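Scroll down for the structure; my scribbles are underneath it.
Note that this is a predicted model, so its numbers are computed, not measured.
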Amino acid sequence: MGLRSGNGSPAALEVRARDAEIARLAVPALGALVAEPAFLLADSAIVGRLGTLPLAGLGVAGAVLATAVSLFVFLAYGTTAGVARRLGAGDARGALAAGVDGVWLALGLGVVTAVVVHAAAGPVVDALGVSAAARPYAVTYLRVSLWGLPAMLVVLAATGLLRGLQDTRTPLVVAASGAALNVALNLLLVHGAGWGIAGSAAGTAATQVLMAVALAAVVARGVRRTGAPVRPHPLGVLRSARAGVPLLVRTLTLRVALLLTTYVAAAQGDSGLAAHQVAMTVWTTTALALDALAIAAQALVGRDLGAGDVAGVRATVRRTSQWGVAVGVVLGALVAATSWPVAGLFAPQAQVRGDLAAALVVLGVCLPVAGWVFVLDGVLIGAGDGRYLARAGVLTLAAYVPAAVLVLLLAPPGRAGLVWLWASFAGAYSLARLVTLVHRERSGAWVVTGTG
C-alpha cells in the first residue's frame, strides 16, 4: 500500500486532495479523543491528594462511568453515518433533523441510565470488588457524577452530528475547553470549597453539562439556518435507536474480549497482571490515532454514499486503509523500539519490567494490522452497515475465546503466558476481525447509495 504517487499527474493531485480531506477531519478528531481521557486523569491527580481511599473509590466509580459511556458510543457513530448520508445527498435540513433525533435519543437514554445506576450504585460498585473502606467514596463519586451522564451522552450524539456535517474542529474546541474547565472546577470544589471527592464529581458533571450546552448551541444555529425541527420526531428517534442496536452489539463483543483478556492476564500472576495493565494502556493510547482515521473514514464514506459518489467512496477506503497501515507501522516500530525504556518508566521492578517489555514488542508487531482493522471498521460504520458489524463481532469473539482459553490452560504462567496472551489478543483477534472486514469491504454489499 504505497503512499507516494507522481507529483503532477491528475491521479497525484486527487490523492493529495483526498489526503487533505482525511487530515482535515482526522487531526481535530484525534485532539478531541486525546482530551477525553484528560477528565479522569485530572480527577485522579486532584483526588489523589485526598488520600488512597478516595483515589481507590474514584477508580471504581470511574470504571463504571467509562463502561457506560463506551457502551453508548453508538450514539456518536450511528449519528455520524445518518447525518453524513443526508448531507451528501444535498439534504442539509434532513441531516440536521436526523442528528437532532439522535441527540434526543441520547438525552432519554442518559436520564434512564442515570436513574437506574443511581438507585443501584451500591451493588454496582460492590460487583467490582471495592473494599469496605473505599466503598463510600466510590458510591459518592458515582451518584454525584451521574447528574452529568445525560449530558455526556448528549455530547456523544452532538459530536457525531457535527462529524457527519464534516466538522471535527468544533468538538475539539469544546473538548479542550471542557478539559481545562474541569481542572479549574475540580480544584475549586475539592480543595477550595472542601467538598472532597463529591466536589470532583460535581465539577466533572458541571463541565459535561456546559459542554453539552455549548454543542447544542452550535447545533441550534444549524437548525435555525436550515429550518430543521427542534422537537424530536418519534419515528426519527426510533430509527436512531434501531440503527444503534447493532453497533451496541458490536461494542459489547469488544468489551467482552477486553474483559476476557484481563481475566486471563490475572492468571499470569501479579507481575504479569501489572505488566498487562500498562500494556493495555499503551494499546489504548495508540488506538486514539487509529480511531481518528476511522472517524474520518466514517464521515467521508457516509457523505460520498449519500451523494452517490461510489468512486469517491472507493478512493476514501483505499487511502484511509493505506494511512491506517502506515500509521500502524510507525506506531508499532516506535512501541517495539522503546519497549525497554518505557517498561522501565512504568515498572521499576525487574520482573514486571521484563514482562512488560516483552508484551510491548508483541503489541508493536501487531499494530499495522490494527490500523487496517480500525479504518475498515470506520468505513462500514460510515456506510451504516451495523448489522454486519454485529454479526462479525460475534463471530470474531467466538474465534478469540478458544484462543484465550488455550493460553489460560496451556501457556506457562508468567512472561511466556503474557506473550502468548498478547499474541492472541493483538494478533489473532485482530486478524480475525481483519478477515471479516476485508471480506465485507471486497464484497461491495455495503455500498448502498442515497440516504439509506
Side-chain angles (χ1 to χ4, degrees), residues 13-30 32 74-103 156-172 215 218-219 222-223 225-226 228 236 239-240 243-244 247 291-324 374-386 388-389 440-441 444-452:
L13 295 175
E14 182 182 345
V15 167
R16 283 200 288 271
R18 186 69 52 176
D19 285 347
E21 276 200 310
I22 294 169
R24 177 179 59 83
L25 294 170
V27 172
L30 175 59
F74 69 85
L75 291 167
Y77 292 167
T79 303
T80 296
V83 171
R85 274 185 176 271
R86 286 167 176 78
L87 180 72
D91 182 11
R93 183 179 185 277
L96 265 298
V100 168
D101 287 336
V103 171
L156 280 179
T159 297
L161 190 165
L162 293 173
R163 288 172 181 169
L165 295 176
Q166 314 298 295
D167 176 11
T168 56
R169 190 177 300 274
T170 299
L172 167 61
L215 289 173
V218 174
V219 172
V223 166
R225 185 175 62 253
T226 61
R239 189 181 302 113
S240 295
L247 293 179
D291 205 25
L293 287 169
I295 288 169
Q298 289 174 32
L300 293 173
V301 165
R303 183 200 67 188
D304 290 345
L305 284 175
D309 183 6
V310 176
V313 171
R314 293 296 187 189
T316 293
V317 174
R318 182 170 56 253
R319 199 58 179 167
T320 52
S321 295
Q322 290 171 347
W323 276 111
F374 271 68
V375 166
L376 290 183
D377 195 55
V379 165
L380 296 185
I381 289 174
D385 202 19
Y388 178 81
L389 288 173
R440 186 64 167 181
E441 187 266 318
W446 55 277
V447 183
V448 179
T449 58
T451 56

Residues in side chain to side chain contact (heavy atoms under 4.5 Å, CB included) with S240, at least two apart?
D101, L105

I'd like to check L96 versus L161 (side-chain heavy atoms, cut-off strictly below 4.5 Å). Are they in contact?
yes

Going by the rule salt bridge (charged side-chain N to carboxylate O under 4.0 Å, His left out), which residues pair with R303 if we only count those two or more places apart in sequence or in a different chain?
E21

Quick one: does R85's side chain have a donor or acceptor within less than 3.5 Å of a partner on A383's backbone?
yes

What is the distance from atom OG1 of T80 to atom CD of Q166, rounded to the nearest 0.5 Å?
9.5 Å

Side-chain contact, heavy-atom cut-off 4.5 Å: L305 with V448?
no

Do D304 and T316 have side-chain heavy atoms sitting under 4.5 Å apart?
yes

Indicate yes or no: at least one non-hydrogen side-chain atom of V218 is less than 4.5 angstrom from one of L162.
yes

Could you pull out all residues at least two apart from D385 that satisfy salt bridge (charged side-chain N to carboxylate O under 4.0 Å, His left out)?
R440

So, R86 side chain and G82 main chain: donor-acceptor pair closer than 3.5 Å or not?
yes

Looking only at heavy atoms, which two atoms of L87 and A95 are closest? And how far apart?
N-CB, 3.9 Å

Less than 4.5 Å apart, side chain to side chain, heavy atoms only: is that true for V313 and W446?
yes

Sidechain-backbone polar pair: T168 side chain, L25 backbone, donor-acceptor under 3.5 Å:
yes

A32 versus L172, closest heavy-atom pair with distance
N-CD1, 3.4 Å

Give a yes or no on this: more than 12 heavy atoms of other residues, nucleotides or ligands lie within 6.0 Å of atom CZ of R18.
yes

